[in-house]
Enquirer: 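Here it is, the structure in full.
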Protein chains: 2
Amino acid sequence: MAAQRSRRRIPEATVARLPVYLRMLGEQFEIGVANISSEELAELAGVNAAKVRKDLSYLGSYGTRGVGYDVEFLVYQIRRELGLTHDWPVVIVGAGNLGQALAGYNGFGDRGFPVGGIVDIDDSKVGSVVGGVRVRHLDEIKQVVQARNISIGVIATPGAAAQDAADSLVAAGVTSILNFTPTVINVPHGISVGKVDLAVELQILAYHEQRRANAAQGSVVRSLSGLSIPGESRRGASA
Amino acid sequence: MAAQRSRRRIPEATVARLPVYLRMLGEQFEIGVANISSEELAELAGVNAAKVRKDLSYLGSYGTRGVGYDVEFLVYQIRRELGLTHDWPVVIVGAGNLGQALAGYNGFGDRGFPVGGIVDIDDSKVGSVVGGVRVRHLDEIKQVVQARNISIGVIATPGAAAQDAADSLVAAGVTSILNFTPTVINVPHGISVGKVDLAVELQILAYHEQRRANAAQGSVVRSLSGLSIPGESRRGASA
DNA sequence: AAACGTTTGTGCATGTTTTCACAAAGCCTG
DNA sequence: CAGGCTTTGTGAAAACATGCACAAACGTTT
Ligand SMILES: NC(=O)c1ccc[n+]([C@@H]2O[C@H](COP(=O)([O-])OP(=O)(O)OC[C@H]3O[C@@H](n4cnc5c(N)ncnc54)[C@H](O)[C@@H]3O)[C@@H](O)[C@H]2O)c1
Ligand SMILES: NC(=O)c1ccc[n+]([C@@H]2O[C@H](COP(=O)([O-])OP(=O)(O)OC[C@H]3O[C@@H](n4cnc5c(N)ncnc54)[C@H](O)[C@@H]3O)[C@@H](O)[C@H]2O)c1
């Protein structure tokens, strides 16, 4: 069979779930599971089985009716679709607490995203080695990016420097950015930006906590035993 | 005016954006801006103005037509809605690299989520002080949680211990969990779970990078100057 | 106090995502 | 090789989210 052409666009919601399936499938493969049903995979990933099937159907018809999916083959197909057939080295901007923690974290490189470089603006940080990589000066970012043909950048500077960092990354040729600061950054059209904001996640949880508290107060009489709070977060389970 | 009752449920997508508006409004208030239009706030938050207005309309009719929104009042209303009128101390499970980085990070407490406790299973970690808090043993988690009436827990253990950590948190009385491990955890009904998974974010970016690469390859002749790649990530901008 | 320019709040159309439900397709057993 | 059992793949419905467009409301100016 010929390798599939770039098929119809995959819904963003599906793209966000494929990495989860991929991880679960990888774990199952490790422990010797050769075949898996949508029901089983759904259970592992904490989602609905129909969703799993629809998600996987965007990759093609890779299941066998009455049987399920071949784990190894599915892992290969998802990796191919996500573009994980080769490594994507990343450059980290900001070698502070977070930058160093990320650089030293193996789960990064293990998943195909080795740290290809770290830069900082502070001369006292430049030259030190974190996670086996020497910190270079921000001015050298272009060389760092081009030397390893890096296309993904991670921003771990203080929030106030985030836009600067983004501009530097884009100027250096990076086309995807993962922003760990709480600052909203502006980038030219065609650059992808992902954001991880701790405070936002906690505030979402606080909202649900508060609703729970209010609900409990409003139903002092009714709630005897089974607490049945709506609780359901954007991502993640709530069994 | 009497304090509003727990009004109609706010859409989850809106709940996820309110913290962003809140941060932007806080910054504007700091620099002396007393009033703001949906257009201006939208620009700052990197979203569409109509969306801002609809989102804010769930809180009530707090704007003034022809004028905009009173920044201070809006900050108060969003904080009230999100349940940020008081602090929510959190307990961190796992005092490794990440746990320590989080505990030492001020942007945590600054936003109303002080670290109320840290626990670890490793005796060599217990007793050490990180971020001004003494690490206690996992066995004492219930005391830690109840002493400060904590309802939010953060999991920063290795993935293999995540379910254990979740079980311990729930047993101790925590009702919301933020999970930093790549493991999918199961919790009883009524417990909210948020998830932050670095690898997932990077893999989503890789998908877009790969599409970009494929698209470029497919249009070698056409793409002369203006790169007009679809690029748009789930969360975050792509101006 | 009317006319004007501005900006909100929201009805409605459109787009996206989830869920249901079932025919089609495969294995296995007898 | 037919019948039964299982599980996929996918239309179609429902639920959710976004964006447009405009009437209603407000402040200001004349
Ligand atoms: N530490 C955490 O646990 C944590 C958690 C979540 C989010 N964050 C966010 O991550 C970011 C970094 O946090 P941190 O604790 O590592 O801060 P930090 O102050 O320890 O590190 C920031 C680093 O960025 C460098 N820097 C400043 N301006 C720069 C520029 N223009 N270009 C390159 N480097 C520059 C500084 O020299 C410093 O080394 C912050 O925005 C913070 O809000 C941190
Ligand atoms: N370090 C990073 O930058 C980073 C980034 C993203 C995600 N993560 C994830 O965060 C988690 C922690 O990473 P880390 O680098 O801090 O690991 P780590 O090994 O440094 O720390 C884990 C800590 O958890 C403790 N622990 C183990 N089992 C426990 C249990 N049952 N109860 C309580 N504590 C227990 C260990 O004693 C250790 O102190 C991992 O799942 C990792 O995938 C880490």
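When reading the values below, keep in mind they use all heavy atoms of this one structure, side chains included, and skip hydrogens, waters and symmetry mates. Below, read A as the first sequence line, B as the second, and so on, with proteins coming before strands; counting in each chain starts at 1.
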Enquirer: In whole Å, I'd like the distance from the CD atom of A:Glu39 to the P atom of C:dT19.
Expert: 13 Å

Enquirer: I want to verify a distance call: between C:dT18, C:dT10, C:dG26, whose nearest atom is closest to the B:Arg53 side chain?
Expert: C:dT10

Enquirer: To the nearest angstrom, how far is A:Asp55 atom CG from C:dT17 atom P?
Expert: 10 Å

Enquirer: Round to a whole Å and report the spacing from CG of B:Leu56 to P of C:dT10.
Expert: 12 Å

Enquirer: Round to the nearest Å and state the distance from A:Arg17 atom CZ to C:dT16 atom P.
Expert: 15 Å

Enquirer: For B:Leu74 and C:dG9, give me the distance from atom CG to atom C1', rounded to whole Å.
Expert: 14 Å

Enquirer: Mark yes or no for whether A:Lys51, through its side chain, and A:Ala42, through its backbone, hold a donor-acceptor pair below 3.5 Å.
Expert: no

Enquirer: Measure CD1/A:Ile10 against P/C:dT17 and give the value in whole Å, please.
Expert: 12 Å

Enquirer: Shoot me the first and last contacting nucleotide of DNA chain D against chain B, ordered 5' to 3', at under 4.0 angstrom to non-hydrogen atoms.
Expert: D:dA17 to D:dG27

Enquirer: Using distance alone, with no hydrogens and no angle criterion, decide if B:Glu209 and A:Thr175 have a side-chain donor and acceptor under 3.5 Å apart.
Expert: yes

Enquirer: What is the distance from CG of A:Asn48 to P of C:dA21, rounded to the nearest Å?
Expert: 12 Å

Enquirer: C:dG26 P sits how many Å from A:Asp70 CG, rounded?
Expert: 16 Å

Enquirer: At less than 4.0 Å, is any side-chain N or O atom of B:Tyr62 found next to OP1 or OP2 of C:dT7? Yes or no.
Expert: no

Enquirer: Any side-chain donor-acceptor pair under 3.5 Å between B:Tyr69 and B:Asn35?
Expert: no

Enquirer: Select from A:Thr64 and A:Lys51 the residue whose nearest nucleotide in DNA chain C is closer to the 5' end of that strand.
Expert: A:Lys51

Enquirer: Could you report the tightest heavy-atom contact between A:Ile155 and A:Ile177, atom names first, then the distance?
Expert: CD1-CG2, 3.7 Å

Enquirer: Given C:dC12, C:dT17, C:dT7, which nucleotide is nearest the side-chain atoms of B:Arg65?
Expert: C:dT7

Enquirer: Could you tell me whether the side chains of B:Gln163 and B:Thr183 share a donor-acceptor contact shorter than 3.5 Å?
Expert: no

Enquirer: Does A:Ser38 or A:Lys54 map to a spot on DNA chain D nearer the 5' end, using the closest nucleotide for each?
Expert: A:Ser38

Enquirer: Answer yes if the side chains of A:Arg53 and A:Ser38 hold a donor-acceptor pair under 3.5 Å, and no otherwise.
Expert: yes

Enquirer: Report yes or no: do A:His86 and B:Gln210 form a side-chain donor-acceptor pair below 3.5 Å?
Expert: no

